[in-house]
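Structure first, commentary second.
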Amino acid sequence: MFLTITTTGTPERPATDLGFLLHKHPEKAQAFSTSYGTAHVFYPEASAERCTAALLLEVDPVALVRRRHGGKGRGGAPDAALAQYVNDRPYAASSLLAVGMSRVFASALKGQCAARPELVERPLPLRVEVPSLPARGGADLVRALFEPLGWTVGAAPVALDERFPEWGESRYVTLTLTGGHTVADALRHLYVLLPVLDDAKHYWVAPDEVDKLLRSGEGWLATHPEQKLITSRYLSRRWGLTRDALERLELLRLAEADDTDVEEIDNAVDETEDTEERPVPLAELRRGAITAALTAAGAHRVLDLGCGQGQLVQALLKDARFTEVVGVDVSVRALTVAARRLRLERMGERQAARVKLLQGSLAYTDKRLKGYDAAVLSEVIEHLDLPRLPALEYAVFGAARPGTVLVTTPNVEYNVRWESLPAGHARHGDHRFEWTRAEFRAWADAVAGRYGYTVSYAAVGTDDPEVGPPTQMAVFTVAAQPPTDSAPKEEQAA
Ligand code: SAH
């Protein structure tokens, strides 16, 4: 099986730089033994204008069979005796080629290049050719996998037998990819997607495969439209591992979309939740609790203050009871992600009339926020510096003054229950503070008193007998006109 990578050069940037990136000298032919045979690396051409590196894997079918029957083999269905020796493995690019790549190009895959570190980040004009690629799913799937990554894809089906065109096409394609990528990214794409297209992994998939997949998928898999298919096939359709990988990818995607605003722990599962079914992530529990509280309050027009990436806005829009939902956030990036999530641009007129996304800071009064039934501050207050909090209190409770205000925030006492959280750490790098139940109540009682609201409290997630629930919620209901001197000093001075 065979794979070539070609790049072209310019006077300032010779094509032979490829040799540095692959850690393989263009003038040498090298051989590496792998557990399946021998991997050869050589350069059919190496000039300043054009340089091609070739990886040829000579598979030893007998070693393959022996290994398969060894401790790590897949076992299970006994292969037909002949198929053990006569199969496509020596010729077709597949998971074996990926294993060969990881052995031969280990540093390149990691994006390491001690000799010329400045080269690593630079995208090069690349052309990858794989003459014989088994592609379950055909040329269409090949395109669906590589095109979203920015490759121009050629995937020509290979005839079963050129002498007999009536026999039709084989499941092999000749693959050519062209595009501007760093060498490390190109290798990572191939390392994951070749075995995905082959869809017949030759070794038992161990849990550390999830880590390998996420490492190689870094920067591209979390946003790939075929993420599910890739993950499930890569992990040989083992559902437990696939789900684990997909959950971790979702966290990565959110983190990549806006790494300062994502509540990582939110998607952590409340382990203490005593259910047989898939445990519900805390963020989902919180949206459920908020929706229930809004419904109980009879709210129809709702503000989501500090809406982040719009998950709650999206959930509320699914409920016809909420006739207007306004998401407000200070982060343009978060709002951009929210708009994409909601498909604002493709929304029908009637649906679009129900939703608005506004950029603004909650530390300033804002006329646009007056007159709503309810406002939600879900996991927002802890993102403000404590001295700014009175300004938010005034802007929300004093100026916007909705009938109901829901505030959720982490209960710091619960942090000892998060297995992944080192002792003494906040749940998110951007949290300026996290409160105990007593601290939260002291704050909320004071705010309610100052602005003429009554307040009650609710638990979100399992209410642990010792440390309380992971998320605490205060429900404020407007009771009276606020005292006239309620504006904070800072705000009056401004
Ligand atoms: N409500 C969402 C997001 C919480 S993350 C949820 O429950 O998942 C906190 C959000 O508050 C971030 O999106 C951040 O941009 C926003 N935020 C922080 N300070 C803000 C401010 N002063 N004004 C408006 N939004 C703010």
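We use all heavy atoms of the structure for the numbers below, so side chains are in, but hydrogens, waters and symmetry mates are not. Atoms within a ligand are numbered from 1 in the order they appear, just like the ligands themselves. Residue numbers count from 1 along this sequence.
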Contact atoms of ligand 1, heavy-atom distance to [X] under 4.0 Å:
{"X": "Glu379", "value": "4 (C), 5 (S), 9 (C)"}
{"X": "Ser331", "value": "15 (O)"}
{"X": "Leu362", "value": "21 (C), 22 (N), 23 (N), 24 (C)"}
{"X": "Gly360", "value": "23 (N), 24 (C)"}

Is it the case that [X] and [Y] place a side-chain donor and acceptor less than 3.5 Å from each other?
{"X": "Glu379", "Y": "Thr408", "result": "yes"}
{"X": "Gln472", "Y": "Tyr414", "result": "no"}
{"X": "Trp443", "Y": "Glu393", "result": "yes"}
{"X": "Arg286", "Y": "Thr471", "result": "yes"}
{"X": "Glu434", "Y": "Asn415", "result": "yes"}

Can an N or O of [X] be found at a distance shorter than 3.5 Å from an N or O of ligand 1?
{"X": "Asp304", "result": "no"}
{"X": "Ala334", "result": "no"}
{"X": "Val380", "result": "no"}
{"X": "Arg286", "result": "no"}

- Item | Ala283 touching ligand 1 at heavy-atom level, < 4.0 angstrom | no
- Could you tell me if any non-hydrogen atom of Gln311 lies under 4.0 Å from any atom of ligand 1? no
- Does Arg354 reach the main-chain N or O of Leu317 with its side chain, forming a donor-acceptor pair under 3.5 Å? yes
- Message: Assess the residue pair Asp385 and Arg388 against the criterion (salt bridge (Lys or Arg N to Asp or Glu O under 4.0 Å)); give the C-alpha distance rounded to whole Å, side-chain angles, the decisive distance to 0.1 Å, and a yes or no.
- Response: CA-CA 5 Å; Asp385 288 321; Arg388 299 296 288 154; over 6 Å; no
